[in-house]
Every structure is written in structure tokens, then in C-alpha cells.
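Okay, structure first, notes after.
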Amino acid sequence: DNITVQELANRMAARAPEVIKALMKLGVMATITQSLDADTAELVVQEFGHRVKRVSEDDVELGLVGAVDVETELQPRPPVVTVMGHVDHGKTSLLDALRATDVAAGEAGGITQHIGAYQVKLGTGERITFIDTPGHEAFTAMRSRGASVTDIVVLVVAADDGVMPQTVEAIRHAKAANAPLIIAINKMDKADANPNRVRQELLQYEVVVEEMGGETQDVEVSATKRTGLDKLQEAILLQAEILDLKANPDRPAEGSVIESRLDRGRGPVATVLVQKGTLKQGDIVVAGAEWGRVRAMLDDKGRQLKDAGPSAPVEILGLAGVPTAGEPFVVVDSESRAREISEFRQRKLRDKAAGVMTAARGTLDQMLARIQAGEQKEVAVVIKADVQGSSEAIQATVLKLAHEEVKVRVLLSGVGQITESDVQLAKASNAVIVAFNVRATSQARDLAQRENVDIRYYSIIYDVADDIEKLIKGKVAPKA
Ligand code: GDP
């Protein structure tokens, strides 16, 4: 029943070090020859986005139906691009400008929807997919959950400002992810634009553009004047050709969750990027720890789709809950199978969260004591999540828990890691910090410990609701 790390890697057509890395993320230190139990093996297999046939609770039959695609079935797919760069260098402007080049935008019924990613169709019929959340925070958060969705990073550097700290961070993140860079030297319309200075400065960070004898493409653009965009797109397509990006469209879909949120009218909504196969309306999907039948599928123009192939970003409706960005999604063949995988993952997540909870017990107890002493009639929370969708969903969930005797106050609902200023804010209002798929900086952690501020880490919204509810219940004064 057990399988070694090496065997598992072979069956998934993956490299053993990658399997070991995935295991480390699950908190398991393993060597290549080590045997894994069925639970662990299944988790790893799912992390790799494969489907598992599980014979019984303890016996995973690693059939991996359709997991390995034969070379002949592979077809070229559009590249997936993330835009990074220093603040104010023009990431958002460039994404807007590129989006406006879409020849499909003018087609019937197209109204721009921000769903977290969009695809442009060029005059030549070629397509490029852009992740619509610029910056490396979202990119890193996705990667930390094992999702590698980005093929190419477009690094925006303002020609009048040059290489700045976040430019350097972006270079590091792109290199860590093995994603090739294309440099977009932006704001070329400005009088003080100095593209050569940018090229020169990049050398220091081992980014050598073609003009300097290197291999990194660079393109001069102006996002606001909309110049150079066609050259940038050509550069992206050329890079895609070099990367030889391919996928098999004729198989059940697999991919990653890009963004998710709870919509008032439509329920859980997730934007997914199809990475293999074709996603069809009516398909049964497992996304992270959630599952459902795809009731409707929409593109970034709000148009209903019947199917979506490799590299297509689509918004799907019909999931039972809100999955986490960066988690894999996969189409399965039955509802019972979907429920089984989803329950298995929820259980694993809860076990993991329970471990973290025990560590934070001390401060929670102190809080409950304050509550019981009647010193507090309000639960204040600071919410930080990896993506806007999650922080919004948590805020909505938490606010719904308010009780007539105990108020819930959300001091801050934001995106990004926990910083010292978050801890100070929480300290000032006796608040709990809800960290959803984000970490605290080490300074923030130290400060929290000194100041006795409770930072609680979560990866599923259900657990946030559960904990906050406990706090609120504790705060309700006993009926005399
Ligand atoms: P981000 O923080 O990197 O997303 O940058 P934004 O896209 O928000 O742009 C920051 C500022 O630079 C805004 O005021 C933009 O109008 C301006 N900007 C962006 N691109 C250009 C450009 O090509 N030329 C000029 N002159 N200004 C630009």
C-alpha cells in the first residue's frame, strides 16, 4: 500500500526533488527512498494537480487517469503573463492599455469585468492571458501554495525613475519562479525618460537586455500614450514560442484558482485558470477544499461560455464554498468523488489549523477571561488576506456573526502580510488579527509577542467563522 517518494515521482512524471519539496510544504521531511502512507501520497498527488483513485481510506490506488499527456496530444497554448514592477511605474496603466488592444472586446455584448485575469486576442488571432493583479505579493502568495500559473513576467520600469527597490524584489521573485522576464520600459512619453539608464541599472541585478548583449527582451512603451504595445505583445509571443508552451485540450480540465469571493447574489464565485484540458459547463469540479457543478462560466467580458480551453481564465459559479486563490482545481467524474476529495481536504486543513490553534491558546484564554469579566462588549478584528476576494469574504462572514449584545468591528480588511502597523492597530483596539494565507513579518511577530496581540493563521474561511463565533459567544453576557 505504501509508495516511495521515487515511485510516486515516476508515476506522476515529476522529478523527485519536486515531490520532496511538496512534502516539505505539507510538513513532511522525506528522502527519495522513503515510503509514504496513503493519506500523504494522495495529498501530494493532488498538489501536483493529478487525480487519484482511492480504493479505501487507507489505500490510494495511484491510477492517475489521464495524468500524463502524450506528446502527440499537446497543442500550443497562449502564454500566461504577470506584470510586476515598482509602485507607480505603471503596472495598472499597462494592464489597462493592453486590455484595450483586444480585438474581441468590440464583439457583441462585451462589457469589461475584472475577474482577476483576462485574455486578449490580437489581430493575428493569437492570444495572451494576463493576470490582472499586478505586483509580486499575489504572485508569491499563489506560488507559496504550489500554483505556478505564470509563464512570463513583464517587468515594468519607469524610464524617468529607473530601477527601484520593488523592481529588484520583482526580479528576485521572477527568478525564484524560473519565469523569464520581459522588460517594459514605461513612460517613454516623458521628457526626462532615460531608457539607457534603466538598461544599465538592470545589469547590476544580472538582467542583461538584448541591447547589452544579453537575452532578456526589452521594449520601450508608454502605457498612457499607448505606444509600443504591439512590440511588447510580439516580445511576449516570441518568448512563448521559445518556451514551447503546450497543453492537451482534449481531457478533463485542471488548473488553478486565481481569485475567489462570495458574491451577494451569485454565491461563491471563483476565477480559475484552465491549465490543461477543457472545462465545460456542467462539469463537476473540486477547487481547493470546495466542490460543485459548474452552473455557469463567464469570461472577462461577462459573456457566458460553454467551454474553456488551456490558458483561458474563466469565472465559475456553482461551488459550495469559496476556494482559496492558488489552490488547484480539477474536474472529477462524479459528485460522490468530488465530495470525498473535498471532505478529505477540509479534514486535513482543519487538522493543520488545530495545530496552529493550540499554539495560540494562551492569548485566546486571556481574551475569553476579559470577556467573561464583562470588560469587552465588542469583538474587533484586523483581517489580512492574500487576495482581495478572501479578505472581503472573511469580512462579510465575520460581520454576519454579530450579535445584538456583542458587536463585531472590522478595523481593517486588507491584502498582504501582517506588518508592525497591523499589530499596533490591533493592540490599540484589543483586536484579533485574522491572517488568511498570509504570514507576519518577523518584526510584526516579535511585536505581537511583546504586546500580547493574537495573530491567528487560517487557510479556510469556515475556521475563521468558527473561531470568531466562539469569541462572540464568550462575550455574550449570561442572562440573569
Ligand atoms: P502602478 O502603481 O505600477 O500600478 O502604476 P499606475 O499604473 O497606477 O501608474 C502610476 C502613475 O503613473 C499614474 O499617475 C499613471 O497615470 C502614470 N503613468 C503610467 N504609465 C504612464 C506612461 O506611460 N506615461 C506617463 N506620462 N505616465 C504614466
Side-chain angles (χ1 to χ4, degrees), residues 80-102 105 112-118 120 128-142 149-150 152-175 177 179 181-199 201-202 205 207 209 211 216-236 258-259 271 300 313 325 384-389 391 414-417 419 421:
V80 180
V81 176
T82 293
V83 174
M84 294 198 221
H86 195 71
V87 64
D88 278 349
H89 278 197
K91 298 180 292 293
T92 312
S93 307
L94 187 62
L95 278 164
D96 288 346
L98 287 164
R99 190 183 181 118
T101 66
D102 187 6
T112 298
Q113 311 280 323
H114 280 273
I115 64 169
Y118 65 83
V120 293
I128 304 174
T129 299
F130 290 94
I131 303 295
D132 208 359
T133 327
H136 55 258
E137 286 84 4
F139 177 82
T140 312
M142 297 270 286
V149 303
T150 302
I152 297 165
V153 169
V154 167
L155 180 64
V156 181
V157 189
D160 61 339
D161 202 23
V163 171
M164 298 299 280
Q166 285 165 21
T167 317
V168 178
E169 277 181 48
I171 294 170
R172 298 219 170 97
H173 286 293
K175 285 199 169 159
L181 285 172
I182 293 174
I183 313 298
I185 305 178
N186 190 32
K187 307 201 184 183
M188 282 304 294
D189 58 293
K190 286 202 153 183
D192 52 349
N194 188 350
N196 280 330
R197 190 183 110 205
V198 173
R199 296 184 182 102
E201 286 173 346
L202 285 169
Y205 306 96
V207 177
V209 298
E211 214 166 288
T216 304
Q217 300 187 80
D218 66 298
V219 186
E220 297 180 1
V221 300
S222 164
T224 46
K225 294 276 184 287
R226 311 216 156 158
T227 58
L229 300 179
D230 47 347
K231 289 220 172 59
L232 179 58
Q233 288 167 334
E234 272 167 35
I236 292 168
I258 300 291
E259 222 179 80
T271 297
D300 57 282
K384 284 305 266 303
D386 51 345
V387 289
Q388 193 69 31
S391 66
V415 171
Q417 58 184 348
T419 61
S421 85

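What you see is a predicted model, and the numbers here were worked out from it, not measured in a lab. Indexing begins at 1, ligand by ligand and atom by atom, following the structure's order. Residue indices begin at 1 and follow the sequence shown.
A donor-acceptor contact shorter than 3.5 Å is absent between the side chain of His89 and the backbone of Val157. Of the possible polar contacts, none joining the Lys91 side chain to the Val156 backbone as a donor-acceptor pair under 3.5 Å is found. Between the side chain of Arg197 and the main chain of Val163, no donor-acceptor pair closer than 3.5 Å is present. Put simply, the side chain of Tyr118 gets close to the backbone of Leu95: a donor and an acceptor are under 3.5 Å apart. Listed for the Asp218 side chain is no donor-acceptor partner under 3.5 Å among the backbone atoms of Arg199.
The protein residues lying under 4.0 angstrom from ligand 1, judged by non-hydrogen atoms, are His86, Val87, Asp88, His89, Gly90, Lys91, Thr92, Ser93, Asn186, Lys187, Asp189, Lys190, Ser222, Ala223, Thr224.
Salt bridge status for Lys187 with Glu220: absent, with no side-chain N to carboxylate O gap under 4.0 Å.
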